[in-house]
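What follows is a single structure, written as structure tokens, with notes after it.
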There are 2 protein chains.
Amino acid sequence: MFETLLTYIKRHSESSLSDEDIMLIKKSFLFKSLKKKELFLEQGKVCQYTGFIIKGATRQFSIDASGIEHVIQLSIENWWSVDRESFLMKAPSVYNIEAWEDTDLLVLSLENLERIHSIPAIKEMFWQMNQSNFIASQKRLNYSISLPALERYEEFLKHYPEFVQRFPQHTIASYLGISKETLSRVRNKYVHK
Amino acid sequence: MFETLLTYIKRHSESSLSDEDIMLIKKSFLFKSLKKKELFLEQGKVCQYTGFIIKGATRQFSIDASGIEHVIQLSIENWWSVDRESFLMKAPSVYNIEAWEDTDLLVLSLENLERIHSIPAIKEMFWQMNQSNFIASQKRLNYSISLPALERYEEFLKHYPEFVQRFPQHTIASYLGISKETLSRVRNKYVHK
DNA sequence: GTACGATATTGACAAATGTCATCGTTCCAA
DNA sequence: TTGGAACGATGACATTTGTCAATATCGTAC
């Protein structure tokens with residue numbers, strides 16, 4: 001159950017893990033299982049955990065004034081799922097996080113995060129994760145202000161080909177900030193070009 | 001010259017700075033002065049420094065296939081200016097960073113960053129900066145996929161009122177991902193509503 | 001097995017935004 | 001001081017994208 005997480009930590013840090021480190025890590029995470037459509041985080045509540053996905057997939061979305069859902073983030077195995085703002089500030093979240101498949105997570109409270117932060121490999125891992133999250137987010141932003149729908153979709157395909165298999169098209173459309181009809185038409189253009 | 005930076009560090013960390021810490025910090029930064037329109041980073045080159053702005057303003061932008069500039073980031077005093085991807089990966093940047101006013105910076109190389117990273121307050125400061133950068137970037141993304149032009153502008157005004165005084169409208173339009181003409185019209189609507 | 005809901009496609013039309021051209025103003029540099 | 005570049009506003013029109021409705025398909029819960 002912890003193998004995925006430990007492998008992830010090793011791949012994202014320079015320092016190695018002692019046996020005590022591993023013990024501490026195992027004590028600090030909780031196992032959580034969600035059925036499809038179950039909520040990991042509900043709008044208005046504080047995000048209590050940051051979750052490492054062992055199996056399954058989640059989507060994070062906001063609901064605007066007209067009741068329309070906007071997908072902010074998609075995550076699958078080996079990704080973290082959390083609303084960082086709510087989690088770190090202990091503030092009510094404006095987002096929902098929903099399991100899109102039956103999903104298994106290892107979750108970590110803020111207190112336990114601070115506890116295992118004493119482990120160098122953990123610190124490095126989170127540091128690296130922060131950096132790459134920020135870089136990815138800046139890239140997505142760049143695309144969203146500078147590319148038309150078709151090219152945004154092509155970039156998405158290039159970066160996250162697995163996601164196309166795992167999430168329905170209207171979810172991906174929302175992630176890209178376009179309507180599902182536009183994505184459908186754009187895919188047609190893409191196939192025939 | 002270092003007061004601004006030291007104040008910033010204190011405000012963004014819990015640990016305090018010893019005199020030796022301050023010495024090390026002062027040794028690790030270089031002073032850099034840019035005239036208006038001068039480049040801090042040029043597309044295709046590696047971003048050698050992360051810069052803390054003491055005075056002035058910068059804009060980070062990409063240039064697309066049609067030669068059109070897209071503003072990714074605007075920064076003023078007390079902000080950091082850097083292309084993090086290029087800086088951390090030592091990879092050629094796809095962005096330019098230009099001084100929009102005469103600008104004074106304290107800049108830090110990656111090697112020196114690693115050196116002062118031994119100081120707890122510095123580590124905490126960068127950690128917090130990373131978190132809030134990511135949160136801000138996620139928020140901007142949320143707005144860019146879920147709000148129409150007028151509301152995007154209103155959010156911008158609410159979050160960054162100073163920026164409206166410091167940057168020309170067409171720069172802000174580009175930052176928001178809309179054309180300068182649309183922003184001009186949208187502002188008219190905003191004033192008269 | 002069937003019925004229903006979720007998904008995806010398509011057409012007709014509407015709305016938002018972009019593009020191009022023009023003009024007036026301001027501001028800075030020669 | 002003045003001329004030109006940068007900036008911003010506006011009109012006419014094009015393009016992109018969204019909205020709404022109809023339909024087909026597929027999977028799945030009962």
B/Trp100 has its side chain closest, among D/dG8, D/dC7, D/dT19, to D/dC7
A/Pro148 has its side chain closest, among D/dT17, C/dT7, D/dG8, to D/dT17
Between NZ of A/Lys37 and C1' of D/dT28 the distance, given in whole Å, is 12 Å
Q. Got A/Glu154 and A/Glu151 here, is their nearest side-chain heavy-atom distance under 4.5 Å?
A. yes
Separation of D/dG18 atom C1' from B/Leu147 atom CG, nearest Å, is 16 Å
B/Ile178 atom CD1 is separated from D/dT16 atom P, nearest whole Å, by 19 Å
In whole angstroms, the gap separating P of D/dT15 from NZ of A/Lys189 amounts to 12 Å
Out of D/dT10, C/dT17, C/dG18, minimum distance to the side chain of B/Glu181 belongs to D/dT10
Side-chain contact test, heavy atoms from C-beta onward, threshold under 4.5 Å: evaluate it for A/Tyr160 versus A/Tyr175 and give yes or no. yes
Separation of C/dT7 atom P from A/Arg166 atom CZ, nearest Å, is 16 Å
message: Any heavy-atom pair between the side chains of B/Glu162 and B/Glu77 that's under 4.5 Å?
response: no
Note to self: Under 4.0 Å from OP1 or OP2 of C/dT9: is there any side-chain N or O of A/Asn188 that close?
What the structure shows: no
So, does B/Arg185 get its side chain near the phosphate of D/dG8, meaning an N or O under 4.0 Å from OP1 or OP2?
no
message = Counting only side-chain nitrogens and oxygens, does B/His170 get under 4.0 Å of the OP1 or OP2 atom of D/dG8?
response = yes
A/Ile145 atom CD1 is separated from C/dT17 atom P, nearest whole Å, by 15 Å
Checklist line | Non-hydrogen side-chain atoms of B/Phe126 and B/Ile122 separated by less than 4.5 Å | finding: yes
Whole-Å distance, B/Asp64 CG to C/dG18 P, equals 13 Å
Here the distance between atom P of C/dT7 and atom CG of A/Leu183, to the nearest Å, is 14 Å
- [ ] Check whether any side-chain N or O of B/Thr182 sits under 4.0 Å from OP1 or OP2 of C/dT17, and answer yes or no.
- [x] no
For D/dA9, does either OP1 or OP2 sit under 4.0 Å from a side-chain N or O belonging to B/Gln169?
-> yes
key: Plane angle bin for A/Phe167 and A/Phe163 - parallel if under 30°, tilted between 30 and 60°, otherwise perpendicular   = tilted
